[in-house]
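Below you'll find the structure I mean.
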Amino acid sequence: MLREYMANPHHEVETSFLIGTEPESIFIKTSHLVDNSPVFKAMLEGPLAEQNGSMIRIQDVDPRAFENLVRFMFGGEVIFRSVATALSVIYTAKKYMVIGLDTLALMYISKNINSDNVLLVLQTILIFYNTEHSPHPANQDTKVKEANQDIMEYEPRNIIRQCFHLIDKTAKKVLESDEVEDISLDLLKSIIQRDSLCIPSELCVWQALNRWSHRQCRRRHISPSQDNKREVLEGSQYYVRYLTMTSKQYKVASSLLTKGEEESILYNLLHMDSSLTKSIQEYQVSMNTPRQRTGGLWKHVWRTKVQTNETKKDKITLAEQILFFIVCILD
């Protein structure tokens, strides 16, 4: 596909770029590229510069992202039609050291995060901004200064916080998605350690871990045996809250544990005051901590209270009934 970007009416050197893995040709007058990007300056004017008239091949950049980069540098309108394109624009802006464009992309992303793309956004932002987001320099153009009035709202760390909050609220859907198999182990650990995941059962977490480890074994070209799954999980299996499960759920979820660990947790489920075996004793408190349940933590606490009273044959008082009514309203 051939696209031309008419940027400047003056007679200047025009350079052709071949962009993407399925290459698209883009022809650009290069003055603004050189003025706004030290990378383009070195590429087009440095000692290793391509000869005038030659085509420059760039395979690791999305053509739409490159077009937005060029529009931004020439003062045109930056157009985002998808979160994927906005993420590609951030990569392209960082690659060519173009200041301010990533802020516009972050603003778009922040307004368009949903449960279907939240893992992609979170993983990508964590990779691109692995250090604290640095402020833009003082000599910004008007467009960047206007964007920076909202910079605090759209800083990467706030988008990361927004992503985790959305994951908490839609944890079941996120953990059941195919995308969970593609995130890094560090991100997976960060998610499954959260007390605030709203899930109907701890099996949601175990199933996500089981699928992730199976996929990793395939990618490492090893058999997805239980031993190999435990190896690729690197201890992540101990973040499952086994001690909050029913015995039926635990029977399904114990396969990622060794025989000794499985028996120790089962014994603890039957004898609540017992300690876990030494190798997993440090996880006992977290394994026994309930998460936010679907329908709310308060309702989970109330159900526990009701079950306890039924076991003791105690009556639920009027005050407790009123408390439950208030809990339902607040939840």
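Both backbone and side-chain heavy atoms feed into the values below; hydrogens, waters and symmetry mates do not.
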Any heavy-atom pair between the side chains of I109 and L87 that's under 4.5 Å?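 A side-chain contact exists here, since the closest heavy-atom pair is under 4.5 Å.
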Side chains of I167 and L175 in contact at under 4.5 Å (non-hydrogen atoms):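 Not touching, per the 4.5 Å side-chain cut-off.
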Name all pairs fulfilling the salt bridge (Lys or Arg N to Asp or Glu O under 4.0 Å) condition that reach into residues 237-264, sequence neighbours left out, sorted by first residue then second.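 Residue pairs with at least one partner in residues 237-264: D195-R241.
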May I ask you to check whether over 12 heavy atoms, not counting those of K189, lie within 6.0 Å of atom NZ?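 Counting neighbours around NZ of K189, more than 12 heavy atoms of other residues, nucleotides or ligands fall under 6.0 Å, so yes.
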Mind checking whether H165 and S196 have side chains closer than 4.5 Å, heavy atoms only?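 A side-chain contact under 4.5 Å is absent here.
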Can you check side-chain contact (heavy atoms from CB on, under 4.5 Å) on C163 and I160, steps first, answer last? CA-CA 5 Å; C163 287; I160 290 170; 5.6 Å; no
Just verifying a value: how many Å separate N210 CG and S255 OG, rounded to the nearest 0.5 Å?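 Here the interatomic distance stands at 5.5 Å.
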Is the charged tip of K95 near the ring of F66: under 6.0 Å from the six-membered ring centre and within 45° of its axis?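 No, K95 does not sit over the ring of F66.
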Considering all heavy atoms of both residues, which atom of L276 and which atom of Q284 are nearest to each other, and what is their separation?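 The answer is N-OE1, 3.0 Å.
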Determine, stepwise, if the pair I222 / Q216 fulfils side-chain contact (heavy atoms from CB on, under 4.5 Å). CA-CA 9 Å; I222 59 178; Q216 283 299 308; over 6 Å; no
Roughly how far, to the nearest 0.5 Å, is the CZ atom of R57 from the CZ atom of F17?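 Reported value, rounded in 0.5 Å steps: 13.0 Å.
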M97 and F40: same hydrophobic cluster, using ILVMFWY side-chain contacts below 4.5 Å?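 Yes, it is one cluster - the side chains of M97 and F40 are joined through contacts under 4.5 Å.
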Are I183 and I127 in one and the same hydrophobic cluster, where Ile, Leu, Val, Met, Phe, Trp and Tyr link if side-chain heavy atoms are under 4.5 Å apart?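 Yes, I183 connects to I127 through the hydrophobic network.
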Which heavy-atom pair separates W212 from S184 by the least distance, and what is that distance?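 Answer, listing the atom of W212 first, then S184: CZ2-C, 4.3 Å.
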Separation between CG of L209 and CG of L188, rounded to the nearest 0.5 Å: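 L209 atom CG to L188 atom CG measures 5.0 Å (nearest 0.5 Å).
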Looking only at the side chains, is there a donor atom on one of S82 and T85 sitting less than 3.5 Å from an acceptor on the other?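 Judged by distance alone, the side chains do pair up.
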Between D62 and Y91, do the side chains contain a donor N or O and an acceptor N or O under 3.5 Å apart?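 No, D62 and Y91 have no side-chain donor paired with an acceptor closer than 3.5 Å.
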Tell me if a side-chain donor or acceptor on R157 pairs with a main-chain N or O of Y129 at a distance below 3.5 Å.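 Flag not set: sc R157 to bb Y129 has no pair under 3.5 Å.
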Minimal non-hydrogen separation, S177 against L119, with atom names: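 Smallest interatomic distance, heavy atoms only, reads OG-CD1, 4.0 Å.
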For residues L18 and I58, determine if any side-chain heavy atom of one lies less than 4.5 Å from a side-chain heavy atom of the other.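 Not touching, per the 4.5 Å side-chain cut-off.
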Check N268 against S275 and note the closest heavy-atom contact, atom names and distance.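 Minimum heavy-atom contact is ND2-N, 4.2 Å.
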Would you check if the side chain of E45 reaches a backbone N or O of A42 as a donor-acceptor pair within less than 3.5 Å?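 Looks like no, no N/O pair under 3.5 Å.
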side-chain hydrogen bond (donor to acceptor under 3.5 Å, both in side chains) for S110 and Q162? Distances and angles first, verdict last. CA-CA 8 Å; S110 178; Q162 180 183 351; 3.0 Å; yes
What I want to find out is whether R194 reaches D168 closely enough, with some N-O distance under 4.0 Å, to be called a salt bridge.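 Salt bridge flag = yes for D168 with R194.
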Closest contact, heavy atoms only, F80 versus A105: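 Heavy atoms only, the tightest pair is CZ-CA, 3.6 Å.
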So, taking the atom named OG1 in T15 and the one named CD1 in I26, what distance separates them when rounded to the nearest 0.5 Å?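 One gets 12.5 Å once the value is rounded to the nearest 0.5 Å.
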Measure the SG-CD1 distance between C204 and I192 for me, rounded to the nearest 0.5 Å.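 Taking SG in C204 and CD1 in I192, the distance rounds to 13.0 Å.
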Does the distance from a Lys or Arg side-chain N to an Asp or Glu carboxylate O, for R291 and E202, drop under 4.0 Å?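 Result for this pair is yes, salt bridge flagged.
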Within the side chain of S264, is there an N or O that forms a donor-acceptor pair under 3.5 Å with the backbone of T277?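 Side chain of S264 to backbone of T277: a pair is present.
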Joint hydrophobic cluster, I28 plus I79, side-chain heavy atoms closer than 4.5 Å: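 No, I28 and I79 fall in different hydrophobic clusters.
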Using a 4.5 Å cut-off on heavy atoms from C-beta on, say whether the side chain of L266 contacts that of S254.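 Not in contact.
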I'd like to check R64 versus S88 (side-chain heavy atoms, cut-off strictly below 4.5 Å). Are they in contact?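 The answer is no, as the side chains (C-beta and beyond) never meet within the 4.5 Å cut-off.
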Any side-chain heavy atom of E77 within less than 4.5 Å of one from R71?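 No, side chains not in contact.
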Are any of the side-chain nitrogens in D227 or R230 under 4.0 Å away from the carboxylate oxygens of its partner?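 Salt bridge flag = yes for R230 with D227.
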Out of the candidates I90, V78, N68, only one should pair with L104 under the side chain to side chain contact (heavy atoms under 4.5 Å, CB included) rule; please name it.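 In the set I90, V78, N68, the residue that makes a side chain to side chain contact (heavy atoms under 4.5 Å, CB included) with L104 is V78.
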Please step through side-chain contact (heavy atoms from CB on, under 4.5 Å) for the pair L69 and V89, ending with a clear verdict. CA-CA 7 Å; L69 180 81; V89 165; over 6 Å; no
What pair of heavy atoms forms the shortest contact from S236 to L233, and how long is it?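 Shortest heavy-atom separation between S236 and L233 comes out as OG-O, 2.7 Å.
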Are the side chain of E231 and the backbone N or O of K229 linked by a donor-acceptor pair below 3.5 Å?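 Such a contact is absent between E231 side chain and K229 backbone.
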Gap between atom CG of D60 and atom OG1 of T21 - 0.5 Å precision: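 Reported to 0.5 Å precision, the distance equals 10.0 Å.
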Hydrophobic cluster membership, L243 vs Y267, 4.5 Å side-chain cutoff: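 Different clusters.
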List for me each residue that meets side-chain hydrogen bond (donor to acceptor under 3.5 Å, both in side chains) alongside S225, sequence neighbours excluded, and say none if there are none.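 S225: side-chain hydrogen bond (donor to acceptor under 3.5 Å, both in side chains) contacts with N228.
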Would a distance-only check, ignoring hydrogens and angles, find a side-chain to backbone donor-acceptor pair under 3.5 Å from N36 to H32?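 Yes, because the side chain of N36 sits within donor-acceptor range (under 3.5 Å) of the backbone of H32.
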Any salt bridge linking D182 with R215? Criterion: basic side-chain nitrogen under 4.0 Å from a carboxylate oxygen.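 Answer for the salt bridge query: no.
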Non-hydrogen side-chain atoms of N114 and V118 separated by less than 4.5 Å: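 Not touching, per the 4.5 Å side-chain cut-off.
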Test side-chain contact (heavy atoms from CB on, under 4.5 Å) on Y96 and M43; report intermediate values, then the result. CA-CA 10 Å; Y96 293 104; M43 182 188 296; 3.9 Å; yes
Taking atom types as modelled, find out whether Y242 and N288 have a side-chain donor-acceptor pair closer than 3.5 angstrom.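 No.
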Please enumerate all residues that pass ring pair (Phe, Tyr, Trp, His ring centres under 6.0 Å) together with Y239, with sequence neighbours excluded.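 Listed in chain order: Y283.
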So, does S37 use its side chain to make a donor-acceptor pair with the main chain of V34 at under 3.5 Å?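 Side chain of S37 to backbone of V34, a donor-acceptor pair under 3.5 Å: no, none is there.
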